[in-house]
Amino acid sequence: MRFIVSADTHLGSPIRSVALRNPELGERLKQASFDTFRRIVDMAILEAADALVLAGDIFDSDFPDLKSRAFLITQLTRAGTAGIPTILIRGNHDALLDHTAHGSLGPDIHLLHKGNPTVEIGNVMFHGLSFDKSHLAKSLLPDYPEPVIGRTNVGLMHTSLGGSPGHDPYAPCSEQDLLAYGYDLWCLGHIHMPFERRSGSTLAVMPGIPQPRHYGERSGGSVAAVTVGDGIPQLERRDVGHLRFMEAKLDLTELGDQSEVLCKIDAALKAAQDPLRITAVRLQVTTARHTDDDLQALATELLESIDDVFLDKVKVLPPKNLTDDKVNDLARLMRAEVQEDGFRQACAEMLDDMRNALPPNIRDALPEDEITELLEEAIDEVSLSLHGVDTQ
Amino acid sequence: MRLNRLDLTRYGRFKDAQITLPIPRADASDVTVIYGPNEAGKSTAFTAYLELLFGMKARDHPYDFQFKRSDLLVGAELTIPNRGTMTLQRNSKRNQSLLDQQGRPIEETVLSAALHGLSRDDYIERFSLNDVGLREGGVRIANAQGDLGQLLHAGVSGLTTIATTLEQMTAHADRFHKKGGRGTELKVAKDRLAKINQELRASRLTPERERTLAAAKDDTEKEFEIADKSLEGARLRQNALAAAQTWHDQTDTIGQVDSKLAEFPDGPELPKGAEAAVASLVITISDKSLRASDAKDALEALRKIISDNPEDPLATALRHELRQLDQLTFDNAPLLARATTAASDLDRRIADREALGAKINEAVVALDMAEVPVETLVLTSDEIDDLAKAAQSVVNLERDVIAAAAAATRARDQLDEAPPEPQDLSQLQTAWDKWSAVADITLAKNAVATETAQLATAVAGLPASWADLVAVGLPARETLLDLAGALATASADLGSSEAELETQEIAYELAQANRQTYEATPATIDAIAIAETRRKRDAIWVEHRSTLSAESAIEFEGAMHVDDDAQASFAAGQDARGQLITARREEAAARVLRDKAQERLNRATEKFGELKRQAAASASALGHAPETNPAAFTDRRTTLLQAAAIEAKIKNAQADLDIQSARRSAALQEMKKAANAVGIDCADNDLPSGVQAALTLQNSVRQAWNRWKEAKEVSADLEQEATDATTDKAAAQKTLQSLINTLPLAGRTAGEIIAALPNLRRLSQLHAEQAKLILRIETLENAIAQLDATALRIMAVTDAVNDPKVTSLEVIEQARMRVTAEERATEKRTAAQAEKAKEETARKQAVTAIADARMELAEWFTDQGAEDLEPTQRVAVLSERDSLRDTRKAQDELRTSARVGVNEDLFVEELAKLPDASRAAAVEQLLKDAQQDRDQAFAAHREAVRLYKVAFDADNQSNLTTEQATILEEIRRGVRKTAVARLGVLAAKGALRRLATERRATMLGDVEQAFVAITAPDWSRVDVWSQSEGEKLIGVKPDGSSVSVEDMSTGTMGQLYFALRVAGYRSFARDLGPLPMILDDIMETFDDDRAKAALQLCCDIGRSGQAIIFTHHAHLVDLARDAIPDVNVVDMPG
């Protein structure tokens, strides 16, 4: 049997990039999460998959809208009509999937939860448990049904696995325990980055977010096509995202004139073109002579003639500094200045003021613990601005 | 660090050229002036120096036109602290490009340490200065508002825009966010976010909202169900009331019907259709009785008609005569019809004939020709017309002759004396016209002047021999473009070929070393070698067996060990041998690749050289220096072609001007000749006005002459017309005479003939009418005779006696009346006989029908009462009885059916309340109220359902969600940039304050010394004022007055900037050691005093380190010799 496995679709959650300020791109991608989900269902139908597996976070709790639920039911009903059942679980964002509050999703759509943890389709036993609240600090693995001997056992779980520093654990579970549980296949959700783990004949697959929403999710953009039967489950990844994020690193320090700079940026942007997807590029540029605004203006102009590539952001890095501190008085003295407690206090207060002026949900844009990094950027910015406009 | 010599080995147009900068005496200032005219290569030398220090440009090198980039080589002799004097070279390779004197790569740190890690840009900013930089730097430091830190920073770093930069960063940050700012980007974005959030909240179908909408839907549905039930109850009650009312009403009616039925006879109900059938039978009996009676009366009348119309025996003979008479005709009409009027008509015609005779006689008398026979005076109308025409012509011509003679006389009398005849000036006019057409040549002169001015503009910048270049022929544009493209491609190809060869060489060397390493390994011994050791061992064994000596044993032992080792190595060396084979294969492959790379490089070199030669040739053809970059060729070609085109236009314009001048001169001479011919003699300048005056005067003379000639011609024409009229009159008289010669009119004049014409016409007309009338009278007389004959024959048939009082017409009319009467009687008699037979048949049928109807009538009334009534009355009574019976039955069914489906309890309840006149209205009101309640509930429910559906169908506002996310990202980016900018400005300002504190002690004196030196005697010193915003530099005049930096003149600010740079240089030299300072014609715009002062500052620089001054002004060289003791002056190499 072959399944299309996806997770973390976050229906309704928008793309977060300033590239979408472009009206054409904004229009094309405003429904990206829905369009991508539609593409996943299309793929399942086209490939005559035996089931569609969704491992949680189908919705996004920041965008609670029952219209998204209606959309989901429409799409899954379409798959059901084509003979493809759907097995899904609730993740930490899926309050809209609460069957006690909103009822059943319909025929051929199997929501697995504590009261109904297993469904048999063909010769495969699908086991899964759903989040009953937005946060679960303990592992769900002990509550999963025992594997059924003589059948293929597939588990659906929404988990942060071992977790990562700085992030709350969500139904934490170690990979080793998971792979040793006796199931043939684990379909996982929650971590938006795709990965796979194997142990013996067991495969655990995290399909990743099918439509990356921002640069941090650039490794996503795909779903998993898994074939189970005799032997080890086989895995293929299929691109489904309408937009991908990518990074292009450029070093302009050796370049002489503007035409060479343009050529280099142009080549990097053209290299980002993908015939099947739109690409939002983040340029990471090493230069001592250009500010990010200068480079953004150049790149924007070049992109006028490059289809389906858009600029996410320009990040400027100063070249490795070889100059003696004794020579570069300004940088040296700025570094000395920023070490002063009084100065830092003044900076912290200024940043507080700015932070408080921001909408509450993005006050993390100026993290309190990044003042040192900000000051380094500030010293570089002064140097770049100074050299960028003053050359004989 | 000091630059002792710059080697331009292969660079730009230089080959093996050197610029030596002599080392000064120990106590002398180290200043070298490098002099060379424009285009001598000073910029090339400066760039070469920078590339020596920092490496060569990777692509599109500006100085690779003579030598390909890979061949470029510069060098220098430098004195480097802690290393002494070194000769270094730099080639264009990407790596290891810094070489020692022997061309061996050396570490970059040799130079980078000496340069303190400065980048090329840093070096240019700090250790070079040109005229433009000096002026612009002066202007820009004004933005520092005298801030000491910023000014010292400018002096140290050479960067003059820190004030502008910090302002821009602050402005950028303020644009994004400023406390209290109303139009900041952040405020605008937040406002928009608030609006988006509001719209999203309104559009988002959250579970809570869905629950609210669903509850509203359910509640309204329940309310609707209640209202619907109430309405149903009201309807049932209304139905029950209606049924009760019906029951009540019909019960009353049935009682009344029963009372009436008691008065009607008994008997069965009449069969269906009885009433109609009885009525029909009664009508039949009545109709048939009437028909039989009518038939009897009709038979009597018909018999009488037959007896009243007997047959006439003479009718046949009379009809025959009349038929013959009717066939006779007169004037295309039956004779009889005309005969009735013929007699009276005949008398009238005879009277008319007599009257015409009298009129003819009157006409003859009027013509005064009573004795002439009438027939000779009767003319046809054509003859009369000819006669009238001829007579009228004679009369008209007589009148024309008189009028023409009078006109000719008047014209003759009015003709004046002839005026003087004009001269013939036609040739002069022609000459004048030609002159006028070519007289103005201003446009042609202007065209020459305009094109000449354009040519001067176009050839500016072109060599003097540009026309020769064009004349020889320029290369085609495509050729130049191809050449430039090919050269760029070849250059790139050459570079890549060199890099590839370098790579392949290294790869080959590695492969060689690898192969050699494997070959040196014993394990790589091959099968041939072990066969050889085995063969040697066996041979020695054979020899040892033969000798069995100790020597041979030792020898064999040695051979055996060698063989054993070889065998062991071979056995263990399978992998090593494989590796050796692979290493040899790789070496061979590397060698092939190296050779190919070498071939490619050779080809690329050859091609590049060929293209460079072509480029040099093209440059010469275009008037460029041979080393000129081909990129400039097409522009030069275009300029040359434009110049050539303009020159061609000038030639054309000049030729046109020459032609027009020649034409003008020829026209003037021709006009002069024509003027002389008519007696006009003027100087050339006055000739046009003289000719124009003569032509104008001659025009009025010619007009008078033409008018007199026209009057004379008119007089002659009138004389001729009079003569012609006389001739025509004679001809007309002759014609008239020929017409009247045969008539009795001879001797009469044309006027008399015209007067006689009416009578002649009348006579001819009357004579014709008289002839017609005579013929008519004869015809009438014949018709009357025929009529009389017929009348006589009719009288013979009827034996009538001839009575003279009875006319023939009356006899004939009587006969016709008798025949007609006989025909009418026959018709009546025949018709009556036919009708009589029909009536007899009808009478018999009516009698039979009456008998049948009476029998059928009796059957319809079988067993019925009321026998005494007529059938129609009897059947009406019985039918009324049956109708009452039907009514009763229907009413009973109606009241019964009214209860069907009606709630029995409500029926009984409502029936008990009857009769009640207001009950129906009360129940109707109840129903209306229930209906209204139900409608309202239904509408409320429908609205709740609609709202629920709309909430699901509504757009999910993904555009707003996307915009919201985008704005948040923009704010994230913006706030970080703003924070960085604000922190940067804060840090920079602090750093500048620190700089001022740190450097003021060491630099301020240098600044003052340099400033006073270059501005003396206008300024005496500088000072520093402490202000709240920091320390501020000011200039002090000799009179003690102070001037802020921003209030200084542009020139003074430039000088202050130079002073700051000098002080900065000294500071750097003091702290870190000197580096060469390059000054490129900075005194270009200075007067001699300022230039000398500036040179003295350069001398100061030279005392701290090394100053190198490039100039193309010879007088600056002289000034430098005056201002700087022991200055070195070197010329640019040729």
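Residue numbering restarts at 1 for every chain, and letters A, B, ... go by the order of the sequence lines.
Taking the six-membered ring for Trp and the full ring otherwise, B:His116 and B:Phe1068 have centroids separated by under 6.0 Å.
At a 4.5 Å heavy-atom cutoff, B:Asp1071 makes no contact with chain A through either its backbone or its side chain. Neither the backbone nor the side chain of A:Glu27 comes within contact range of chain B, judged by heavy atoms closer than 4.5 Å. For A:Val338, the part lying near chain B is the side chain, with the backbone staying farther off; criterion is any non-hydrogen pair under 4.5 Å. Looking at B:Ala951, the atoms closer than 4.5 Å to chain A (heavy atoms on both sides) all sit in the backbone: N, CA, C or O. Interface remark: A:Asp62 contributes backbone atoms only to the contact with chain B (heavy atom separation under 4.5 Å). For a residue to count as touching a neighbouring chain, one of its non-hydrogen atoms must lie under 4.5 Å from one of that chain's; by this rule B:Arg972 touches chain A with backbone and side chain alike. For A:Pro367, the part lying near chain B is the side chain, with the backbone staying farther off; criterion is any non-hydrogen pair under 4.5 Å. Contact of A:Ile371 with chain B is not made at all, since no heavy-atom distance falls under 4.5 Å. Heavy-atom distances place both the backbone and the side chain of A:Asn361 under 4.5 Å from chain B. For chain B, the nearby parts of A:Leu330 are the backbone and the side chain; heavy atoms of each come within less than 4.5 Å. If you measure heavy-atom distances from A:His214 to chain B, you find no contacts under 4.5 Å at all. If you measure heavy-atom distances from A:Met334 to chain B, the contacts under 4.5 Å come from both the backbone and the side chain. Using a 4.5 Å cut-off between heavy atoms, A:Ile15 contacts chain B through its backbone alone, with no side-chain atom that close. Contact annotation for B:Arg999: only side-chain heavy atoms (C-beta onward) come within less than 4.5 Å of a heavy atom of chain A. In this structure, chain B has a heavy atom under 4.5 Å from the side chain of A:Phe34, while its backbone stays farther away. Residue B:Lys187 does not touch chain A at all, counting heavy-atom pairs closer than 4.5 Å. Looking at B:Asp955, only its backbone comes within 4.5 Å of chain A, counting heavy atoms on both sides. Only the side chain of A:Ala70 comes within contact range of chain B, with at least one heavy atom under 4.5 Å from a heavy atom of that chain. For A:Glu340, the part lying near chain B is the side chain, with the backbone staying farther off; criterion is any non-hydrogen pair under 4.5 Å. With a 4.5 angstrom heavy-atom cutoff, B:Val975 touches chain A via backbone and side-chain atoms both. Of the atoms belonging to B:Ser112, not a single heavy atom falls under 4.5 Å from chain A.
Listed by chain and residue number, nothing satisfies the side chain to side chain donor-acceptor pair (under 3.5 Å) test with B:Arg120 (two or more places apart in sequence, or in another chain).
From B:Met56, atom CE reaches atom CZ of B:Arg94 across 14.0 Å, with rounding to the nearest 0.5 Å.
Contact tally against chain B (heavy-atom pairs below 4.5 Å) for A:Thr253, A:Asp364, A:Leu96: the top residue is A:Asp364. Note: B:Ser958 leads B:Ala965, B:Gly984, B:Gly149, B:Ser958 in heavy-atom pairs under 4.5 Å with chain A.
Side-chain contact between B:Arg976 and A:Glu370 is present, with at least one heavy-atom pair separated by less than 4.5 Å. Between A:Pro319 and A:Thr287, the closest side-chain pair of non-hydrogen atoms is not below 4.5 Å.
Residues A:Thr36 and A:His242 have side chains that bring a donor and an acceptor to within less than 3.5 angstrom of each other.
Between B:Glu970 and A:Arg21 there is a salt bridge, with a side-chain nitrogen of the basic residue lying less than 4.0 Å from a carboxylate oxygen of the acidic one. Ion pairing of A:Arg213 with A:Asp312 is absent here, as no side-chain N (NZ or NE/NH1/NH2) approaches a carboxylate O to less than 4.0 Å.
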